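Have a look at this one.
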Amino acid sequence: MFETLSDKLQRVFKNLRGEGRLTEENMGPTLEEIRLALLEADVNHQIVDDLLGHIRQRALGTEVMTSLSPAEQVVKILRDELLGLLGGGDAARLNVKASQPPAVILMAGLQGSGKTTTSTKLAVWLRKRGHRPMLVSVDVYRPAARDQLAVLAKETSTPIFVGEQIMEKAGEAAGTATVLELAKTARREAFSNGCDVLIVDTAGRLHVDESLMSEMRQLKQTLNPGEILFVADAMIGQDAVHSAQAFHQQLSITGVVLTKMDGDSRGGAALSIRRITGQPIKFIGISERPDGLDVFHPDRIVGRILGMGDILGLIERAEEVVDKKKAAELEKKLRTDGFTLDDFRDQLRQIRKLGPLENVLKMLPRIGPFQDMQKMSGQVDEKQIGRVEAIINSMTAEERQHHQVINGSRRKRIAQGSGTSVQEVNQVLKQYVQMRKMFKSVSSSSFMSRRLMNMRLPGQQ
Amino acid sequence: MIQTLFGTPKKPGFFERIQEKMSDAVQKTKDNLVNRVDEILGNRTEVSPELLRQLEAALIGADVGARTAAEIVTKVRQRAEQDQTTGAGQVRQIIKDELVRILEAAGVPPQSAPAGDPFVLLMVGVNGAGKTTSIGKLTQRYKNEGNSVLLCAADTFRAAAIEQLEVWGKRTGTEVIRQKQGADPSAVLFDAISAAKARGIDFVIVDTAGRLHTKTNLMQELSKMRRTAQRLVPSAPHETLLVLDATTGQNGLQQARQFTEAAGVTGLVVSKLDGTARGGIVVAIAREMNLPVRYVGTGEKLDDMIPFDARQFVDALFGEDRASAA
């Protein structure tokens with residue numbers, strides 16, 4: 001995400017390199033480039049103008065005399081400004097405390113912004129943190145919207161209040177009254193089932209739709225939610241400020257979820273929405289999987305915008321999914337027995353648990369040795385890892401322990417067994433041998449981190 | 001364009017209704033863009049650099065895109081230099097002409113299916129763009145024109161997507177060819193086209209799963225669907241429409257690029273144009289990708305979908321009707 005903005009800014013800064021100090025003259029083209037980059041990133045044009053004014057002022061002012069190079073200086077100023085815009089370095093918290101449980105989280109947003117998917121992800125996220133969330137959909141308008149949430153709830157084993165009877169009673173006339181009844185009953189149901197959080201998925205609506213916005217206000221009044229989250233598509237353009245502002249004016253939202261951040265949208269909406277509502281962006285959606293929800297960290301996102309990557313995010317994610325005990329065992333084993341194809345397979349499985357590979361790659365910095373890896377992110381085929389696994393699965397136990405025994409005819413058999421070609425088998429073996437060599441030379445202390453950094457991805461030639 | 005695509009309007013007043021809808025739809029856009037431009041132009045008699053800069057900002061504010069905005073502004077500046085002074089009215093005309101020129105220059109009319117074969121229409125787009133809803137409305141439109149339609153539920157990924165399409169099928173009285181969730185989309189497509197051929201159906205409209213254009217494997221799935229369609233009807237798909245949310249910003253260009261590469265997009269459907277979204281990205285896509293807008297979605301009712309007309313769009317954008325613009 002944000003790559004194009006990062007790329008552009010890096011080019012801008014490259015041009016600044018070699019200048020002795022910042023002057024009105026040499027700042028001009030740079031600021032214009034920053035302006036264009038931010039505009040193409042869909043940052044609201046008024047906010048862009050503000051931002052540029054601040055940067056110009058600060059760059060030309062007293063700070064010119066610092067020891068930083070001009071490029072570093074502009075990066076720093078831009079970074080500070082963006083960070084300031086996004087509300088500082090800390091991740092926002094979710095208010096799920098209520099004197100009378102359940103605490104209610106109301107999801108609001110335009111059609112197609114991703115409310116239903118996000119509701120489920122939020123439930124999964126809360127459950128991981130010891131809560132007992134219940135879901136309810138009060139979207140009685142979009143065809144099959146309530147079915148969608150029901151299916152997702154089932155897939156993630158999340159309690160859901162369906163409210164068949166209420167829907168049947170309402171029939172074709174389902175409207176605001178039905179919506180309110182569903183919500184109220186769901187809250188009772190959540191309470192009697194011992195659920196401490198109720199996540200209310202609502203129908204998508206345009207902020208100019210008076211009757212539906214009024215329904216939203218009534219929902220708020222009825223439920224007294226601790227959180228009203230505005231769900232917004234990261235690909236939204238200049239209009240972001242209008243819808244966000246309207247929703248905020250009518251509902252006083254408490255936070256924002258930015259969805260579809262795994263695309264290549266430049267995400268200027270994050271800046272616009274934050275600025276116009278003053279409310280923090282709390283989460284970002286990063287995949288279609290139920291666990292594809294990340295807490296939004298302004299400092300990390302700004303780091304990403306400026307090409308500094310999100311190593312912290314990657315490590316956090318790795319810690320969440322990588323089995324530490326297994327890792328320690330492997331480490332010990334490696335020192336005595338060496339790295340076998342069995343271990344290779346284990347590694348692949350662990351990596352897959354990190355989430356879609358392209359997301360993992362995108363968390364790496366965009367500078368230095370990682371530059372090429374970033375470019376790969378679009379090309380890595382998740383299925384390729386599956387093929388490598390299939391190839392290893394088609395080997396005998398002996399072959400996995402001692403790869404040296406795999407001769408031509410064995411290769412042919414493995415290729416047939418895994419539905420691949422001999423060339424692919426050869427390639428996997430080659431990669432394996434390379435990794436084996438690498439592990440031999442790695443000291444055990446920083447083992448985990450190096451492994452992550454140096455590993456050649458099987459999907460890559 | 002309307003005439004060539006859909007024959008002469010069947011009912012009297014048809015055109016007026018479209019005009020009205022289009023006006024409503026772009027009213028919001030207009031409020032933002034036109035008022036802004038008017039405000040900027042005011043009673044000035046010459047084009048100052050400051051005016052040009054503000055003009056550019058207004059266009060950017062409508063999601064037209066920085067590059068397109070810059071190009072239009074350059075044209076205005078050139079005219080101003082030629083004519084020494086340029087009044088507000090002239091500037092407005094230059095902007096309009098330029099927008100229309102860009103929009104009309106894009107694309108070619110869709111090909112037709114050979115006699116006996118169904119016209120296969122593939123609907124693609126990112127998640128939440130409004131594919132299924134657009135299909136519902138388009139089905140109604142084709143049926144109103146006297147065609148037989150078959151729907152193909154090839155979004156086998158998203159929860160309840162098939163059910164959602166079936167509701168639209170029921171509303172429009174159209175059969176939906178489906179398999180269970182998780183089935184191979186190409187297999188469903190194969191079934192649907194086979195069925196349509198056997199029954200002599202005119203249109204097969206294919207609902208595909210929303211996908212971000214950055215997911216290589218999912219984009220390849222679209223390529224596979226194209227190949228599957230071609231096995232049954234060599235000229236298919238006859239039209240591949242990319243559904244674009246009107247609120248989409250500059251990322252719309254990326255979407256157009258990637259989907260065209262993988263799925264051979266031939267036109268756009270702009271959905272949700274009834275909010276405050278300005279839909280200006282359409283201009284940038286037409287200019288850079290040579291993709292025309294075919295339809296505009298303007299509301300949630302079954303008949304809230306109208307063919308796109310560049311002149312009309314721009315006229316409505318600037319608050320003038322077709323007659324006075326001619």
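Here the structure is a predicted model, which is why all the values come from computation and not from measurement. First the proteins, then the strands, lettered A, B, ... as listed; each starts at 1.
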So what's closer than 4.5 Å to chain A heavy atoms on B:Gln255: side chain, backbone, both or neither? side chain

Looking at B:Arg171 and A:Pro143, what are the two nearest heavy atoms and their distance? NH2-CG, 3.8 Å

Going by heavy atoms in the side chains, are B:Thr247 and A:Leu110 under 4.5 Å from each other? yes

Closest approach of A:His45 and B:Gly61, non-hydrogen atoms and distance? CD2-CA, 3.5 Å

For the student: nearest non-hydrogen atoms of B:Gly128 and A:Lys260, plus distance: CA-NZ, 4.1 Å

Most chain B-contacting option - heavy-atom pairs closer than 4.5 Å, from A:Glu155, A:Arg35, A:Arg146: A:Arg35

Would you compute the distance between atom NZ of B:Lys215 and atom CD of A:Glu288 and round it to the nearest 0.5 angstrom? 6.5 Å

Contact between B:Gln250 and A:Leu39 at the side-chain level, heavy atoms closer than 4.5 Å - yes or no? no

When rounded to the nearest 0.5 angstrom, what distance separates CG in A:Asn44 from CD1 in B:Ile60? 11.0 Å

Single hit among A:Asp209, A:Val208, A:Leu206 for side chain to side chain contact (heavy atoms under 4.5 Å, CB included) with B:Asp274: A:Leu206

Using heavy-atom distances under 4.5 Å, tell me whether B:Gln181 contacts chain A through its side chain, its backbone, both, or neither. side chain

Segment of B:Leu218 engaging chain A (4.5 angstrom heavy-atom cut-off): side chain

If I take atom CG from residue A:Asp239 and atom NZ from residue B:Lys272, how far apart are they, to the nearest 0.5 angstrom? 11.5 Å

Evaluate the side-chain contact (heavy atoms from CB on, under 4.5 Å) criterion for residues B:Glu163 and A:Val151: first the C-alpha distance (whole Å), next the side-chain angles of each, then the deciding distance (0.1 Å), finally the verdict. CA-CA 11 Å; B:Glu163 287 77 3; A:Val151 172; over 6 Å; no

Nearest-0.5 Å distance that lies between atom CD in B:Gln164 and atom CZ in A:Arg142: 5.0 Å

Flag yes if more than 12 heavy atoms outside B:Arg67 fall under 6.0 Å of its CZ atom; otherwise flag no. no

What's the verdict on side-chain contact (heavy atoms from CB on, under 4.5 Å) for B:Leu212 and A:Asp262, showing C-alpha distance, side-chain angles and the deciding distance? CA-CA 8 Å; B:Leu212 289 176; A:Asp262 44 338; 3.1 Å; yes

Please classify the contact between B:Asp245 and chain A as side chain, backbone, both or neither, with a heavy-atom cut-off of under 4.5 Å. side chain

Which atoms of A:Leu149 come close to chain B, meaning under 4.5 Å heavy atom to heavy atom: side chain ones, backbone ones, both, or neither? neither

In this structure, OG1 of B:Thr248 is separated from CG of A:Asp233 (nearest 0.5 Å) by 7.0 Å

What closest approach, in Å, do A:Gln238 and B:Asp63 show between heavy atoms, and which atom pair accounts for it? N-OD1, 2.9 Å

